[in-house]
Amino acid sequence: MPSISNLALAGLLAAGQGASASLIGAVQLERFIKQETPIALQGILDNIGPNGVKVPGAGRGLVIASPSKSNPDYFFTWSRDAALTFRTLIDDFLFGNKGLEPLINDYIYGQARLQTVSNPSGTLLPNGAGLGEPKYMADGSRYNGNWGRPQRDGPPLRAISLIQYSNYLVSKGQTDRVRDEIWPVIANDLAYVGQYWNATGFDLWEEVNGASFFTTQAQYRSLVEGATLAKTLGLPCTACSEAPQVLCLLQSYWNGKFITANFIQGSHNRRGVDANTVLGPLVAFDPAAPCDSPTLQPCHPRMLANFKNFVDTFRDPALYPINKGIPQNKGIALGRYPEDIYFNGNPWYLITLGSAEYLYATIASWEKSGSITITSTSLPFFKDLYPLGRVGTFGKLHPAYHIIKGLVKTYADSFVAVSQKYTPENGMMAEQFLKVEPFTPISAANLTWSFASFVGMNHRRQGHLPASWVPKDVAVPSTCVGSSVKGTYAPATQAGAPNVTIPCISNVLFQLNASTYYGENLYVVGNSPTLGNWDLETAYPLMSSNYTAERPLWYATIPLEMEEGVTELRYKYARQQDCGQEWIVEEVERVLEVPACVKDGSEEVLAERDEAFEGPGGSSGGC
Ligand code: NOJ
Ligand code: NOJ
């Protein structure tokens, strides 16, 4: 906790540059942080099964994204949100909150089980493809709905969190437990990273397919840390040999001015400015790594230039009226990316707080190395805060070091103050707050990730730093190669995973002619777990991406898994109506002799159906 005199000094220094970090503001901020810390922690715990009070029905150790069940429905568990939440909870545990240990063990148990759940991205066996599934039902069962999948950041983020805890256990002499119980979970995730890092996937916002900076950065860290842990355990990590190539890819997002957040497949309207480039370095943060490390730490000159470019994008009052009139050296409300239209595109708590965390992390790196280096690339970032800034290296004996550090701290605090301003009295944090009047919370209420971002931000603000992971000898290969190592996968049974075997799958292409109105959707339901076992809630959705007026086509290639001994698929098509109206389900029961299934994870289509919906059409409820 900084002393009042430090704050006052920082305030005075900043005041000299036109900022208004008043003493009163600083005191109010400290008070807010003090009040919000237990609220945020409790907000997280309330959303974790099986005992979280806001998420009845959630499985053991499963983090529900938000208790919200409609507009939006976030009552699911996302691998990304869960891993990032546990990264912070494990930090909290390591910094002294010992009571969290049983929960961490529940997380390990829950993830070991989730790894084995067959889902629309695939299965664990034989090829790990199922690990790329972004989200599951709250009880841990598969989610069949259409979604941006696979998302390849889940496995590396989970590995990073589990390694963080494993390293602690090793330091306590519990190496055997790590080797037998936790490593098998981590090993699956690392195998997935090694095999698929160079394959396209959806970004963390679940919208664009391609390669994403955030994902690549998490993938790199997981392989490096995985190699270190494997060595400690005396085990191999074949996938880890891919690390240098992932690092090579990581460099390529820099466009000379900022980090292009995604390489996107297909047409899009994005300029590449995206919070993913600010959140990635938080995951990769190593306070002992030099600022010019190619791991792209928060304090890297390119990342500071990128940070400024990202923040400045949202200073535009035409884009974000909420930020109107705020001077260049003060924090503002920040969202995902400027073209965002989700809930009309608003600031997010976790991004505004993440940006504060970013700056605290930057300061921590300077403190560790004992100097601040300003390059021509990062100079504009510094000049916003300190107009006298110039290129050079300033050690702790130089007054500029202390002035800049104070200004950046004040700048970081001003982002926290923005989140304070828009957090309601009761401390509850939704996903977003309106960019226009009345600037009130919107989208999912009590978002676990928002609370976690607050707790994580405060760890860094307090100077609680994560362990170091970057090796001394990182080198970027001179040419990048898009390679891949085929992984081996196995259920982590010691951690509680069921002993699944390779499932036998028959890929069948269903094509259905059905004229529909906008808002109506089509599903297949039937006597297979893949088709929801006749339960419409978990029926298999068809896609309309090739739908035209001439050919009103709904289709999907469905990896059918049949109950032991059942070879005859019985199924119906079902129309899901808008506005909560009743489903329209076919009367006829269709039959398909399921082609002999295969266990090789192949995507070959073994049978095709081309049918037309039988029964009445739907009509919009007009809601
Ligand atoms: C679109 C949003 O932008 C994305 O982030 C979200 O996950 C999905 N819709 C589902 O709510
Ligand atoms: C939408 C966000 O875009 C995504 O990153 C997140 O995983 C889900 N909401 C759940 O919080």
Side-chain angles (χ1 to χ4, degrees), residues 43-44 46-48 52 54-55 58 62-88 114 120-121 132-138 143-158 161 201-210 212-215 217-218 261-262 264 268-270 274-280 282-283 334-354 428-433 435 441-454 456 519 521 541:
I44 297 172
D46 286 349
N47 292 350
I48 301 179
K54 297 217 167 92
V55 292
L62 300 187
V63 179
I64 305 308
S66 149
S68 170
K69 287 193 171 170
S70 66
N71 193 32
D73 184 358
Y74 274 27
F75 205 79
F76 299 93
T77 184
W78 271 262
S79 301
R80 166 183 40 264
D81 298 47
L84 291 170
T85 298
F86 267 92
R87 155 189 173 259
T88 294
L114 276 192
S121 294
E133 180 68 1
K135 72 173 199 182
Y136 300 81
M137 308 295 278
Y143 170 71
N144 274 340
N146 287 324
W147 211 254
R149 60 166 68 90
Q151 294 175 19
R152 304 196 194 275
D153 58 339
L157 292 172
R158 176 167 55 207
S161 292
F202 280 79
D203 73 321
L204 79 170
W205 311 132
E206 326 193 273
E207 295 175 332
V208 290
N209 196 19
S212 192
F213 179 81
F214 176 85
T215 303
Q217 205 169 23
N262 302 292
I264 301 176
H268 62 88
N269 69 342
R270 307 236 186 146
D274 190 309
N276 105 29
T277 63
V278 172
L279 301 181
L282 302 184
V283 172
L334 296 166
R336 300 193 296 182
Y337 53 92
E339 304 85 359
D340 196 359
I341 53 164
Y342 185 48
F343 283 85
N344 284 332
N346 295 294
W348 286 41
Y349 292 97
L350 73 94
I351 294 166
T352 307
L353 289 165
M428 291 300 148
M429 285 183 178
E431 182 184 72
Q432 314 178 20
F433 47 102
K435 66 186 165 192
I442 179 140
S443 186
N446 300 320
L447 188 83
T448 315
W449 190 0
S450 295
F451 291 132
S453 76
F454 181 88
N521 287 298

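As the structure lists them, so they are numbered: ligands from 1, and atoms in each ligand from 1.
- In this model, no donor atom of one side chain and acceptor atom of the other lie less than 3.5 Å apart for Tyr342 and Glu431.
- Numbered from 1 in the order shown, with element, the atoms of ligand 2 that lie under 4.0 Å from a heavy atom of Ala65 read 10 (C), 11 (O).
- In this structure, the protein non-hydrogen atom closest to atom 7 (O) of ligand 1 is Glu206 OE1, 2.2 Å.
- When side chains are defined from C-beta on, Asp46 does not count as touching Asn446, because their heavy atoms never get closer than 4.5 Å.
- Judged by the shortest distance from any of its heavy atoms, Arg336 lies inside the 4.0 Å radius around the atoms of ligand 2.
- Atoms of ligand 2 lying under 4.0 Å from at least one heavy atom of Trp449, given by number and element, are 5 (O).
- The shortest N or O to N or O distance between Tyr74 and ligand 1 is not under 3.5 Å.
- Looking at atom 10 (C) of ligand 2, its nearest protein heavy atom turns out to be Asp81 OD2, 3.3 Å.
- Taking 4.5 Å as the limit, some side-chain heavy atom of Arg87 sits within range of a side-chain heavy atom of Leu282.
- Contact annotation: the side chain of Leu350 never approaches that of Leu353 to less than 4.5 Å [non-hydrogen atoms, C-beta and beyond].
- Of the protein's heavy atoms, Leu204 O, 3.5 Å lies nearest to atom 4 (C) of ligand 2.
- Contact of the Tyr136 side chain with the Ser79 side chain is registered, since non-hydrogen atoms from C-beta on lie closer than 4.5 Å.
- Of all the heavy atoms of Trp147, the ones lying under 4.0 Å from any atom of ligand 1 belong exclusively to the side chain.
- Side-chain N/O atoms of Trp205 and Asp274 include a donor and acceptor closer than 3.5 Å.
- Annotation for ligand 1: atoms under 4.0 Å from non-hydrogen atoms of Trp205 are 4 (C), 5 (O).
- Atom 2 (C) of ligand 2 has its nearest heavy-atom neighbour, among Phe214, Phe76, Trp348, in Trp348.
- Taking 4.0 Å as the cut-off, Lys135 does not count as a neighbour of ligand 2 on heavy-atom distance.
- Near Glu431, meaning under 4.0 Å from one of its heavy atoms, ligand 2 places the atoms 1 (C), 9 (N).
- Side-chain N/O atoms of Trp78 and Glu206 include a donor and acceptor closer than 3.5 Å.
- The shortest N/O to N/O separation between Trp78 and ligand 1 does not fall below 3.5 Å.
- The shortest distance between side-chain heavy atoms of Trp449 and Arg80 falls below 4.5 Å.
- The ligand atoms of ligand 1 that sit less than 4.0 angstrom from a heavy atom of Tyr342 are 1 (C), 2 (C), 3 (O), 9 (N), 11 (O).
- Side-chain atoms of Asn262 and Ser212 include a donor-acceptor pair closer than 3.5 Å.
- Residues Pro72 and Ser443 are in side-chain contact: their nearest non-hydrogen atoms beyond the backbone lie under 4.5 Å apart.
- Taking any N or O of Arg80, backbone or side chain, at least one lies under 3.5 Å from an N or O belonging to ligand 2.
- What sits closest to atom 3 (O) of ligand 1 on the protein, heavy atoms only, is Glu207 OE2, 2.2 Å.
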